[in-house]
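Structure record follows, encoded as structure tokens.
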Protein chains: 4
Amino acid sequence: MTTGSVSPRRADTRRNHERILAVAARTLAETGEVSFNAIAKRAGVGVGTVYRHFPAPADLILAVYDREVRHLVDIVPELLARTGPDEAFRTWATGHLAPYMMTKRGLAKALAAATAQRGTLPAGAVQSIREAMDALLKANIEAGLVRPEIDGETVMRGLLGLLYLDPDGDWQRQSADLIDLVWRGIRAD
Amino acid sequence: MTTGSVSPRRADTRRNHERILAVAARTLAETGEVSFNAIAKRAGVGVGTVYRHFPAPADLILAVYDREVRHLVDIVPELLARTGPDEAFRTWATGHLAPYMMTKRGLAKALAAATAQRGTLPAGAVQSIREAMDALLKANIEAGLVRPEIDGETVMRGLLGLLYLDPDGDWQRQSADLIDLVWRGIRAD
Amino acid sequence: MTTGSVSPRRADTRRNHERILAVAARTLAETGEVSFNAIAKRAGVGVGTVYRHFPAPADLILAVYDREVRHLVDIVPELLARTGPDEAFRTWATGHLAPYMMTKRGLAKALAAATAQRGTLPAGAVQSIREAMDALLKANIEAGLVRPEIDGETVMRGLLGLLYLDPDGDWQRQSADLIDLVWRGIRAD
Amino acid sequence: MTTGSVSPRRADTRRNHERILAVAARTLAETGEVSFNAIAKRAGVGVGTVYRHFPAPADLILAVYDREVRHLVDIVPELLARTGPDEAFRTWATGHLAPYMMTKRGLAKALAAATAQRGTLPAGAVQSIREAMDALLKANIEAGLVRPEIDGETVMRGLLGLLYLDPDGDWQRQSADLIDLVWRGIRAD
DNA sequence: CATGAATGAGTCTTCATTCAT
DNA sequence: AATGAATGAAGACTCATTCAT
């Protein structure tokens, strides 16, 4: 009513989207569960609002996934520019992928479930991580550091074990060990 | 009631136990869902019976897991006796672990969920697979084929990607590629 | 606990069925709505119980219908035995069908809705009323009182207007008028 | 805002009114359901607009009803002018009322529901059909073809069975049979 | 021990309705 | 006037769990 007060409705609309996404991200990361009702409550909005923003569960999951993953992808070019390709690979896997995966087991689960229903994930979802990986591999292959027949998908699968790091344990070492194993598995002789 | 009438009940009881386990195994492998009610119905027993045999969901899941995994463990000595350790490792991973994992994603999911609640899995659960793996690694290390500092847990994690093979696709090649990657990752230089 | 108290669970099981049916009958007659939740609450049982007894809405509706309609059917032979066929028809329509229909508009609605989904009603549902009607017509046709080409279905349709009597108004006359109209419409010249 | 800018707004408003009505008519005829939200979407207007035009659901339903029924009423004088009153009655019932009712069961349902809440329908709603009917009856009575004590309401009720014609079946015959029954029921001896 | 009925919490989803813009 | 986002009540349905028999 006063000139100062932000007008509630329309302004909040944008915020809501973000808020729901944030709440969902947290919930998904932890439990892999997405109760629309629960999310609504935690986000302080009505259920209907959640449904308006994300008609189907998959829409929500994918939005969260996208949000979470973008960073992983965006960082790659930078890494490649800063250091040698091998170093870039290790830094990416150790410093970015591992911490990410450790906390996102729930998301992975939800994503898998969403996949199960839709058939394949809407292109660009899991894909984007693959692209990051491919870029790193390509650089390494061109530098003669990695065997050329190596397939990004296989490497990805090899690193999937990062999902099962123990967050309360020695995860740093666990991930370093796995990444080392994978690197030795793909490097040129 | 008296000490005399021993067996008939006991026999039924064992039967039930086995039946429930079998049904649960099937259901878990497929969907990762375990509705106690549904399992009871399919097994042809009352819900109460299921609860008597497996007080908590985790109990059931772990029992199923154990049952499913025993084969994976039992086969190892045989393999080691028949061929060289490297061959044994590859045969085990390719011929037994991979097909097993591909079909047990549901179980893994349930197991993960159970884990999430209990903290850590009751020792001996996932452990048993680790033992199999350790035996194989030990043989290979002693033969000088694998680096001695290699840790079974890490290798296990490296092979976790087998959970994500595509059952309707080229899973044979996918698993071969991953196993090859892992083998190169652990072998002695 | 005392010897006198009826043992709750199993005994109630039978009662529950009846209770749910009774509540549903009332609700259906009035509003044509069957909220399983509401019925459960009014019947003083859990929702799950209602679902156990009547898995699908149609099951409940048909059960209610059956219960309500049986009387209409059972009375016919008696009427035919007691009086002449024309008198029997009028008595049935005026004294039984009309009061019944007046109060069951809701049920008719629900029944229609259930029909819409299932395609046709499980034989024997609406059928039973038709049989009663057919028996009455047959007796009248054999007595030469009603034209032989008359079809029970048509007569039924003619009496469907009884659903729209005004319960708070002069429904006695309204129904008498309609029944008279129909009778004149079917009688032999 | 000023008195000057009259038409453009007004024009849109009328358009909207008509559009909403049209959409609602279609929906109601089919399913008997009127989700204001759904209607708004299909009509390409905001929900708020629908509410402005039709504050309560009943307002919408009645408006639709009126629109649909007008034809039934308007045609009567024409029919009476063209043929004898008995022919007019039959033509009207067979050629206009029957096809109308067969397809408007949904509307009838909605109307009934609306009635249930409001008590009686706002005079003039169902009334208009009654007037048509009365005109036809009056002409027939004056021509000595129909018994003078016949009440339009009763005849209407007799024809209500037309609501339950089977659109996928032999509805032509069904309606002819019913109309014949009714006609015999009202004609002078 | 086994059975399965009952319970009720909790999720999903749809809509009527309000109201800021 | 029109728009459409937000809200929340309400109904459908599923399951985990208890407990009388």
Side-chain angles (χ1 to χ4, degrees), chain A residues 1 5-17 20 33-41 43-53 55-57, chain B residues 1 8-10 12-13 15-17 33-41 44-53 55-57, chain C residues 1 5-17 20 33-41 43-53 55-57, chain D residues 1 5 8-10 12-13 15-17 33-41 43-53 55-57:
Chain A
M1 270 189 181
S5 79
V6 217
S7 53
R9 272 282 159 61
R10 229 53 165 222
D12 271 23
T13 291
R14 282 163 232 137
R15 288 242 177 277
N16 277 159
H17 196 86
I20 293 169
E33 303 289 317
V34 235
S35 160
F36 268 47
N37 280 339
I39 287 178
K41 190 157 293 176
V45 303
V47 224
T49 305
V50 181
Y51 274 91
R52 171 174 291 274
H53 286 273
Chain B
M1 272 192 181
R9 274 281 163 75
R10 268 330 196 308
D12 265 25
T13 297
R15 259 207 195 322
N16 278 343
H17 197 86
E33 303 289 317
V34 236
S35 161
F36 267 46
N37 291 275
I39 287 179
K41 187 160 292 173
V45 302
V47 222
T49 306
V50 179
Y51 271 91
R52 174 170 297 274
H53 286 273
Chain C
M1 272 190 181
S5 79
V6 216
S7 54
R9 272 284 160 60
R10 228 52 164 224
D12 270 23
T13 291
R14 281 163 234 138
R15 288 239 177 279
N16 276 160
H17 197 86
I20 294 169
E33 301 291 317
V34 235
S35 160
F36 269 47
N37 281 343
I39 288 178
K41 190 158 292 176
V45 303
V47 223
T49 305
V50 181
Y51 274 93
R52 172 175 290 274
H53 286 273
Chain D
M1 267 183 187
S5 63
R9 273 282 164 74
R10 269 330 197 308
D12 265 24
T13 298
R15 260 208 193 321
N16 279 342
H17 197 87
E33 303 289 318
V34 236
S35 161
F36 267 46
N37 290 274
I39 287 178
K41 188 161 294 175
V45 303
V47 222
T49 306
V50 180
Y51 272 91
R52 173 170 297 275
H53 286 273

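Convention: sequence-line order gives letters A, B, ...; per-chain numbering from 1.
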- Item | N/O (side chain, Thr13(B)) to phosphate O (OP1/OP2, dA2(E)) under 4.0 Å | yes
- Message: Need to verify one output field. Residue with the more 5' nearest nucleotide on DNA chain E, Gly48(A) or Gly46(B)?
- Response: Gly46(B)
- Task: Would you mind reading off the distance between Ile39(C) atom CD1 and dC13(F) atom P, rounded to a whole angstrom?
- Result: 12 Å
- Message: For a quick check of understanding: with a heavy-atom distance under 4.0 Å over all strands, which category does His17(C) fall into, base, sugar-phosphate or nothing?
- Response: nothing
- With a non-hydrogen cut-off below 4.0 angstrom, is Val47(A) in contact with a base, only sugar-phosphate, or nothing? base
- Heavy atoms only: give me the nearest Asn16(C)-His53(C) pair and the separation to one decimal. CB-NE2, 4.1 Å
- Query: Under 4.0 Å: is that the gap between some side-chain N or O of Asn16(B) and OP1 or OP2 of dA2(E)?
  - Reply: yes
- In whole angstrom, give the distance that lies between atom CZ of Arg14(C) and atom P of dG4(E). 15 Å
- Message: Tell me the interatomic distance from Tyr51(B), atom OH, to dA16(F), atom P, rounded to whole angstroms.
- Response: 6 Å
- Message: Please report the interatomic distance OG1(Thr13(D)) to NE2(His17(D)), rounded to the nearest 0.5 Å.
- Response: 10.5 Å
- Item | Val50(C) to Phe36(C) - nearest heavy-atom pair and separation | CG1-CD2, 3.6 Å
- Would you say a side-chain N or O of Asn37(B) is under 4.0 Å from OP1 or OP2 of dT14(F)? no
- Under the rule of Watson-Crick or G-U wobble with both distances under 3.5 Å, where | means paired to another strand and [ ] a crossing pair, DNA chain E maps to .||||||||||||||||||||
- Query: Reckon His53(D) has a side-chain N or O less than 4.0 Å from the OP1 or OP2 of dA1(F)?
  - Reply: no
- Item | 5' priority, DNA chain E, between Pro57(A) and Val45(B) [closest heavy atom] | Val45(B)
- Could you tell me whether Val50(C) contacts a base, only the sugar-phosphate backbone, or nothing, with contacts defined as non-hydrogen atoms closer than 4.0 Å? nothing
- Atom pair distance, as rounded to whole Å: CZ in Arg52(B) and P in dC19(F): 14 Å
- Message: What's the separation between atom CD1 in Ile39(D) and atom OG1 in Thr49(D), rounded to the nearest 0.5 Å?
- Response: 13.0 Å
- Euclidean distance, atom CZ of residue Phe36(B) to atom P of dT18(F) [Å, nearest integer]: 11 Å
- Message: Taking any heavy-atom pair under 4.0 Å as a contact, classify Thr49(C): base, sugar-phosphate, or nothing.
- Response: base
- Query: For the pair made of CG in Asp12(B) and P in dA2(E), what is the distance, rounded to whole Å?
  - Reply: 8 Å
- Message: On the nucleotide dA16(E), are OP1 or OP2 found under 4.0 Å from the side-chain N or O atoms that Ser35(D) carries?
- Response: yes
